[in-house]
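Notes follow the structure.
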Amino acid sequence: MSYEVVSAYTLLVGDADGPPTVSVHTTADDAWRALDRVIRERCGMRPRPRRRMDADAAARLANAWRAAEPESRYWNVTVHRLPVPVPVIARQASGVATRVA
């Protein structure tokens, strides 16, 4: 059995007022967009539609939110590289299909 490596991004946002928000994303862009959305919801700000996500802008917004209560507020975006097993049968089947076609 061989392994393919995939990336997953986790977002953790919390404060002393309630349970933390935890989510998993397939791309960094999705994780930063989710951070922006969660912080805006917690601050009562309107969502801002963006064509392209700016990770620096999302981090600045989250840091400003955290700076108001640094002892009880936190956030984190983390990348994970996950090995996913790929059975040998799957590789052979794709190779056979290529030779037949």
Side-chain angles (χ1 to χ4, degrees):
M1 186 171 297
S2 64
Y3 289 89
E4 295 286 327
V5 176
V6 296
S7 295
Y9 299 82
T10 56
L11 168 65
L12 173 68
V13 179
D15 59 25
D17 295 337
T21 301
V22 179
S23 55
V24 179
H25 305 274
T26 56
T27 66
D29 192 52
D30 289 344
W32 290 109
R33 183 172 279 115
L35 174 64
D36 185 78
R37 185 181 64 251
V38 169
I39 296 299
R40 287 179 180 280
E41 287 172 2
R42 288 177 181 249
C43 292
M45 300 171 69
R46 64 179 175 80
R48 212 192 277 173
R50 295 189 177 147
R51 290 186 182 164
R52 199 170 145 214
M53 187 62 228
D54 182 9
D56 291 333
R60 282 192 304 272
L61 178 64
N63 285 333
W65 168 77
R66 185 178 181 276
E69 294 180 35
E71 296 301 318
S72 63
R73 293 181 177 176
Y74 53 91
W75 68 272
N76 191 343
V77 175
T78 305
V79 63
H80 306 274
R81 297 192 42 88
L82 307 170
V84 177
V86 178
V88 174
I89 296 170
R91 290 192 184 277
Q92 290 174 348
S94 64
V96 171
T98 304
R99 282 184 246 146
V100 173

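- A distance of 12.5 Å separates CG in D30 from CG in L35, rounded to the nearest 0.5 Å.
- D15 and R42 are joined by a salt bridge, as a carboxylate oxygen and a charged side-chain nitrogen come within less than 4.0 angstrom of each other.
- By the rule that hydrophobic residues join a cluster once side-chain heavy atoms approach within less than 4.5 Å of another member, M45 and W75 end up as members of one cluster.
- Under a 4.0 Å N-O distance rule, the pair D36/R40 qualifies as a salt bridge.
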List the atom pairs, with distances to 0.1 Å, where a side-chain N or O of residues 5-14 and a protein N or O form a donor-acceptor pair under 3.5 Å, not counting sequence neighbours.
from : atom 1 : to  : atom 2 : distance (Å)
T10  : OG1    : H80 : NE2    : 3.0

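- Looking at residues two or more places apart in sequence or on another chain, you find a side chain to side chain contact (heavy atoms under 4.5 Å, CB included) between D29 and T27, R33, M53.
- Contact between R66 and R73 at its shortest, heavy atoms only, is NE-O, 3.0 Å.
- The two residues A68 and P70 make their nearest non-hydrogen contact at C-CD, 3.8 Å.
- In this structure, CG on D56 lies 12.5 Å from CG on L61, to the nearest 0.5 angstrom.
- Grouped with V24 in a hydrophobic cluster is no other residue, since no side-chain heavy-atom contact under 4.5 Å to another Ile, Leu, Val, Met, Phe, Trp or Tyr is found.
- When all heavy atoms are compared, the tightest approach of W32 to A59 is CZ3-CB, 4.2 Å.
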